[in-house]
Amino acid sequence: MKLHEYQAKALLSKYGVPVPRGEVASSLSEVRRIAKSFEGNCVVKVQVHAGGRGKSGGVKLVKDVDSAVAVAEQMLSGNIVTIQTTAEGVPVNELLIEEALDVTKELYLSILVDGGLGRVIVMASEAGGMDIEKVAEDSPDKILKEVIDPNIGLMAYQARNLSIGLGLDREFHSQFIKLLLGAFNAFIQTDCSLIEINPLVITSQGQLLAIDAKASIDDDALFRQKDESFNYDSRQELEIENLARASGLSYVKLDGDVGCLVNGAGLAMATMDVIMAAGATPANFLDVGGGADVNKVHKAVDILLSDSGVKKVFVNIFGGILRCDVVAEGIVAATKSRKTHTPPIVVRMLGTNADEGRKILKEAKIGVHLVNDFTEATKTIKSLS
Amino acid sequence: MKLHEYQAKALLSKYGVPVPRGEVASSLSEVRRIAKSFEGNCVVKVQVHAGGRGKSGGVKLVKDVDSAVAVAEQMLSGNIVTIQTTAEGVPVNELLIEEALDVTKELYLSILVDGGLGRVIVMASEAGGMDIEKVAEDSPDKILKEVIDPNIGLMAYQARNLSIGLGLDREFHSQFIKLLLGAFNAFIQTDCSLIEINPLVITSQGQLLAIDAKASIDDDALFRQKDESFNYDSRQELEIENLARASGLSYVKLDGDVGCLVNGAGLAMATMDVIMAAGATPANFLDVGGGADVNKVHKAVDILLSDSGVKKVFVNIFGGILRCDVVAEGIVAATKSRKTHTPPIVVRMLGTNADEGRKILKEAKIGVHLVNDFTEATKTIKSLS
Amino acid sequence: MSIFVRKDTRLLVQGITGKEGSYHTARCIDYGTNVVAGVTPGKGGQLFEEKVPVYDTVKQGVDETNANTSLVFVPPAFAAEAIIEAVDAGIQIVICITEGVPVSDAIKVCEYVNRSGARLIGPNCPGIISPIDKVKAGIMPGHVYAPGRVGVVSRSGTLTYEAVGQLTPLGIGQSTCVGIGGDPVSGSDFVDVLGLFEKDEATDAIVMIGEIGGTKEQEAAEFIQSNVSKPVISLIVGQTAPPGRRMGHAGAIITGTAALASSKVKSLEKAGAFIVPSPADIGTTTMEALSQI
Amino acid sequence: MSIFVRKDTRLLVQGITGKEGSYHTARCIDYGTNVVAGVTPGKGGQLFEEKVPVYDTVKQGVDETNANTSLVFVPPAFAAEAIIEAVDAGIQIVICITEGVPVSDAIKVCEYVNRSGARLIGPNCPGIISPIDKVKAGIMPGHVYAPGRVGVVSRSGTLTYEAVGQLTPLGIGQSTCVGIGGDPVSGSDFVDVLGLFEKDEATDAIVMIGEIGGTKEQEAAEFIQSNVSKPVISLIVGQTAPPGRRMGHAGAIITGTAALASSKVKSLEKAGAFIVPSPADIGTTTMEALSQI
């Protein structure tokens with residue numbers, strides 16, 4: 001679960017990581033009040049769940065209150081499109097207004113899980129404010145790493161090793177160590193999957209500060225992170241994805257026109273790849289899951305078809321835990337309950353009760369195209385365009 | 001650091017371990033008020049840092065308020081002597097008045113450090129309310145043990161293993177597991193060296209409760225356990241021991257007449273053993289420590305001699321970090337500043353600057369007996385009686 | 001001989017009385033698995049399907065039945081503890097089906113299991129099936145599988161069934177099929193399973209199915225290059241997945257260049273693996289690879 | 001050859017600029033120890049006594065000087081971390097002098113060090129001295145010791161000096177003297193050191209000095225019975241200590257029957273050790289034991 005920058009900063013601050021003074025605003029009057037408190041010298045930042053906002057005009061430095069309000073008005077007027085969003089972009093509902101700071105050095109700091117090592121790692125670099133992926137490619141020696149033993153956690157000496165490795169002056173070591181230990185604590189205590197401070201800066205007053213911050217909470221740990229004050233901002237997600245989540249479906253909207261209904265995440269990705277390889281484009285990722293019943297399949301079809309971009313549907317089921325007859329019944333129920341036209345549905349069914357499922361679909365006479373393998377499936381999908 | 005029963009129970013209760021309702025009283029009017037709240041049906045227990053109080057009349061069950069007050073009056077009237085105290089006993093300043101409970105089963109439960117394993121262990125026995133040492137000797141199979149991995153802590157399944165091993169009915173398993181996990185949490189979070197619940201009871205209402213509880217905090221961890229609400233009750237220690245502690249000296253009062261001043265805990269115990277083997281009796285354990293200076297030695301001598309039972313003194317120093325000349329100067333200073341008679345002092349000095357030390361003592365003409373080895377020392381000590 | 005599960009596998013099921021646990025235990029028994037015990041705290045003393053004794057603790061189950069392998073179906077919040085309980089009771093191989101285990105739990109538990117010398121498969125995996133030894137310790141549909149000499153290892157459940165569904169009709173049977181699971185941190189990775197298949201006399205070739213996210217496939221590629229002599233047929237899915245979005249599996253998310261399907265394919269190609277061009281071609285590519293042995 | 005410290009010991013001192021650290025480092029150098037580096041965070045770049053370079057981290061010190069052994073003088077609250085830092089930097093033997101380390105820290109750190117394959121001596125110990133190799137990594141007064149063929153292992157500092165003070169004048173020199181420390185949980189126990197002395201060609205007999213509290217002496221007795229062929233001369237102090245009171249050392253407290261000096265003496269007697277009847281007789285009992293070899 002992604003946090004907004006202001007939520008990430010509130011979390012970090014709670015654990016002793018210094019952040020700039022700032023407040024969140026969702027109206028222009030709030031913006032005016034906050035900007036005034038900084039005598040107009042402030043930074044206005046859109047709060048969206050998408051990276052790359054800086055290059056898309058989502059972060060502006062202003063010198064006076066009126067400019068702050070003008071910038072804010074423009075930002076709040078519509079969606080922002082960045083390299084990480086769809087063409088539609090994401091809505092801007094909140095702005096973070098922060099004091100402007102005089103920065104003398106920009107660093108990079110992150111805490112994340114390294115799946116290969118099966119450990120949490122801390123990464124730091126003197127190349128702050130840049131895309132860390134690019135730094136890793138261009139000058140890998142500029143990236144420092146400390147691997148954390150899960151039994152003892154981050155040790156101060158590891159933070160000291162990083163501080164020295166970053167070439168910080170000795171006077172900054174204790175600030176850096178305290179900051180990193182705090183951030184690590186936040187990471188562990190709130191089951192984060194990522195904390196990224198980029199840039200971590202040194203100001204001309206000699207203070208280390210997290211000027212930008214990203215944080216994500218491990219979705220699978222949310223059950224035990226209930227009392228945290230950060231709430232998920234569902235406005236940042238598409239309505240259709242929120243609906244899917246509410247129904248317990250794993251759904252990701254894409255830009256194509258072939259709606260996909262699959263069981264299993266791996267097979268769902270494979271299905272998207274097959275569609276793409278055939279020269280068509282998938283409209284979504286959708287895993288109905290192993291434990292789906294008729295109602296859930298019905299719901300899945302409804303959600304799938306609520307995307308007006310979907311011109312045809314590919315149902316690809318390998319029955320295992322989920323029986324093909326259950327899926328068939330769900331499709332029939334959904335199709336029959338629709339008042340508007342249903343796009344053509346191509347169905348491939350294998351595994352548990354595949355014959356029964358195909359029989360149900362045939363007998364329902366809802367005009368689905370039954371296919372036997374991927375080749376036939378892609379041919380049929382293409383023929384439908 | 002030992003906690004009183006009521007402090008241990010407050011700690012346990014904070015971590016979710018059920019304890020009887022009760023309050024602490026140090027005056028008879030408080031006793032009356034509390035006993036009234038239990039309608040007279042209560043248990044009155046002296047709060048002292050010594051085991052064996054039950055057999056010494058320190059725990060009384062009463063049926064009415066007047067009896068409670070009468071019992072309390074007697075308890076508060078003087079010291080209590082148990083098998084674990086000196087002949088003088090320990091003062092009774094506080095009483096714990098608790099509701100009387102109808103008990104159907106008594107169990108034993110403790111959490112402690114096993115030095116040999118280098119791990120925390122949980123011990124449980126169906127033989128509750130008894131001296132666990134005796135149970136261990138007579139029927140070791142009645143003692144169950146779970147060893148705790150320091151990296152993952154006590155697991156619920158270990159508690160379940162114990163619950164089953166204790167032969168508890170299934171209906172009590174979840175209560176037992178919750179109780180033990182709570183007690184373990186208390187142990188870890190407050191750096192305990194011991195938590196002992198004996199007996200842990202099942203009441204006729206089917207509730208598991210810690211009816212008696214002991215807890216000690218690791219002295220070496222007190223620096224980070226400052227915000228705990230339990231305070232050390234120095235009234236339970238002898239004045240002389242409190243004085244020694246305040247001066248940073250490791251001192252234990254004993255019943256003999258040969259005062260000992262030694263550097264190093266091992267050598268101090270060895271010195272006591274030598275005195276005893278010679279047919280004399282040590283008046284104390286006293287380790288001045290490696291980092292002592294003239295002032296600290298002076299103080300040590302003062303404290304040693306403030307025990308009126310001390311008829312002679314044995315100073316046994318093996319100079320290492322602590323130089324013998326420093327000790328000699330401290331002895332001279334202390335002796336010279338005394339207004340009353342100083343008992344005879346036998347001094348054995350070896351190691352760093354031993355010659356200088358002996359010279360200082362000789363030249364000060366304070367009448368110390370310089371000896372070269374243990375044999376000569378014990379002979380001299382005996383000759384002085 | 002198969003890997004992980006074998007004729008002498010004595011399976012204990014943790015969470016045997018739950019909805020998923022009971023359903024799949026019955027299917028495992030149907031397939032031929034020797035299920036000797038079940039565990040559900042508070043339900044000890046029952047008999048599952050009138051034959052498998054249920055215990056309150058794994059220790060009791062192991063003491064009574066000499067179970068050597070465990071299949072875990074308990075809810076995510078208790079999965080880590082269940083795995084540790086199994087290992088402490090002497091279970092050698094723990095297969096955790098449970099989906100949704102917090103990553104921090106997985107990190108701790110994997111370290112613990114490694115330290116103890118036992119072996120964890122999963123969490124969030126379909127389990128293991130050995131068609132040659134007729135042992136199924138997992139949730140896969142048994143009828144799709146056929147005995148043979150190809151080992152299969154995969155991060156995905158249904159995609160493995162798909163792969164096997166393409167292999168079996170072509171007459172390509174399987175020695176063992178291992179699902180390592182879709183989580184970012186798991187007990188066994190491709191490298192572990194590839195190493196075992198390389199040593200396994202019953203296996204001639206290995207089908208390896210990876211996906212976007214993490215670097216497990218790159219580690220596998222490095223391992224293949226220097227340690228695997230048998231042909232590896234590899235499919236990576238998620239070529240069309242957008243960056244930054246979790247595609248069902250907790251581990252299937254493109255967080256950087258290395259997490260891209262294309263990076264993984266490149267590494268495996270370099271390591272000499274046979275690359276399956278599209279998920280439709282798993283069977284045919286494997287056939288081709290086998291023809292070159 | 002001595003045990004733990006040897007001619008090739010390259011000592012790094014953690015907390016070298018502190019009061020105790022600097023005093024004892026100088027004494028170690030005087031004795032002949034090759035002190036190659038010191039560590040005090042924030043003081044890197046200094047020279048200790050104009051010859052030993054001081055670093056901010058152990059890693060820097062090891063990288064620059066190839067130190068292989070560390071002597072720890074940092075305050076108790078930071079001792080556990082200092083030990084872990086040393087081990088992570090590749091130090092093989094860590095000797096922790098610091099007194100007052102919380103037991104829970106000691107438990108964690110001992111587990112960590114064992115897991116890593118390194119060796120911890122202490123905490124709360126006087127260190128190690130090898131008179132035959134002229135290496136001192138500890139706080140003992142070097143002039144008391146003389147080279148010879150008796151190994152000494154003890155839970156106590158000054159009592160060890162006392163023992164050696166009785167041995168040396170009798171012409172009984174020492175191979176290595178090891179203080180395992182007075183805390184309830186420590187990195188190395190009697191058993192570890194006895195095992196090394198048994199294998200050590202430079203050691204003919206072992207003086208073992210125990211005290212009340214815990215069961216380390218009983219474990220030693222069991223080990224002696226089945227694994228030690230060399231004569232063991234053993235003294236246990238604290239016969240006159242009252243129960244339930246901490247006698248200086250955190251570990252020296254009689255908590256039960258096994259913790260009594262008499263229980264320990266009984267176990268050691270049964271194991272065939274030479275029992276020193278009184279602390280005054282360490283030298284003579286050792287002499288007697290040696291005469292029987």
Side-chain angles (χ1 to χ4, degrees), chain B residues 15-16 105 107 109 111 114 117-126 140-185 187-189 202 206-208, chain C residues 12-17 37-46 53-64 67 70 72 74-91 94 96 101-102 104-118 120 187:
Chain B
Y15 284 88
K105 199 177 177 104
L107 305 163
L109 186 64
I111 309 172
D114 183 313
L117 295 173
R119 304 244 155 150
V120 173
I121 59 171
V122 177
M123 277 171 46
S125 174
E126 57 184 284
D141 55 305
K142 280 198 179 158
I143 296 190
L144 308 171
K145 208 195 262 188
E146 286 280 341
V147 180
I148 311 305
D149 184 293
N151 299 320
I152 54 169
L154 175 70
M155 298 267 103
Y157 77 84
Q158 295 182 299
R160 187 173 301 116
N161 284 346
L162 290 174
S163 189
I164 292 169
L166 287 171
L168 296 189
D169 287 341
R170 186 167 284 160
E171 56 182 302
F172 296 119
H173 286 346
S174 65
Q175 266 191 72
F176 179 85
I177 294 168
K178 189 172 167 288
L179 183 149
L180 177 51
L181 288 173
F184 182 80
N185 231 338
F187 184 96
I188 295 297
Q189 295 301 326
I202 302 181
Q207 213 204 342
L208 262 81
Chain C
L12 176 149
V13 179
Q14 292 177 260
I16 194 169
T17 59
V39 171
T40 300
K43 302 217 169 157
Q46 297 184 2
V54 178
Y55 300 94
D56 284 310
T57 68
V58 180
K59 192 172 177 305
Q60 290 176 322
V62 170
D63 287 352
E64 297 289 325
S70 160
V72 178
V74 309
F78 307 105
E81 167 140 3
I83 295 165
I84 293 171
E85 178 177 3
V87 169
D88 279 0
I91 294 284
V94 184
C96 182
V101 176
S104 62
D105 288 13
I107 291 174
K108 283 216 160 192
V109 90
C110 288
E111 197 275 339
Y112 187 86
V113 176
N114 285 342
R115 187 149 42 93
S116 73
L120 172 66

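Proteins get letters first, then strands, A, B, ... in listed order; numbering begins at 1 in each.
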Those residues at least two apart in sequence (or on a different chain) that pass side-chain contact (heavy atoms from CB on, under 4.5 Å) with C:Ala106 are C:Val185

With sequence neighbours left out, write down each residue that passes side-chain contact (heavy atoms from CB on, under 4.5 Å) with C:Ala79, or none if nothing qualifies.
C:Val74, C:Cys96, C:Thr98, C:Val101

The reported gap from CD1 in C:Ile84 to CD1 in B:Ile152 (rounded to nearest 0.5 angstrom) is 4.0 Å

To the nearest 0.5 Å, what is the distance between CD1 on B:Ile111 and CD1 on B:Ile121?
10.5 Å

Between these two chains, chain C and chain B, I want each donor-acceptor atom pair under 3.5 angstrom written on its own line with its distance.
from, atom 1, to, atom 2, distance (Å)
C:Gly42, O, B:Arg170, NH1, 3.4
C:Gly44, O, B:Arg170, NH1, 3.3
C:Gly44, O, B:Arg170, NH2, 2.8
C:Asp56, OD2, B:Arg170, NH2, 2.9
C:Glu81, OE1, B:Ala156, N, 3.3
C:Glu81, OE2, B:Ala156, N, 2.6
C:Glu81, OE2, B:Tyr157, N, 2.6
C:Asp88, OD2, B:Tyr157, OH, 2.1
C:Lys108, NZ, B:Asn151, O, 3.2
C:Arg115, NH1, B:Asp149, OD2, 3.3

Can you tell me if C:Phe78 has over 12 outside heavy atoms packed within less than 6.0 Å of its CZ?
no

Nearest heavy-atom pair of C:Ala86 and C:Val58: which atoms, and what distance?
CA-CG1, 3.9 Å

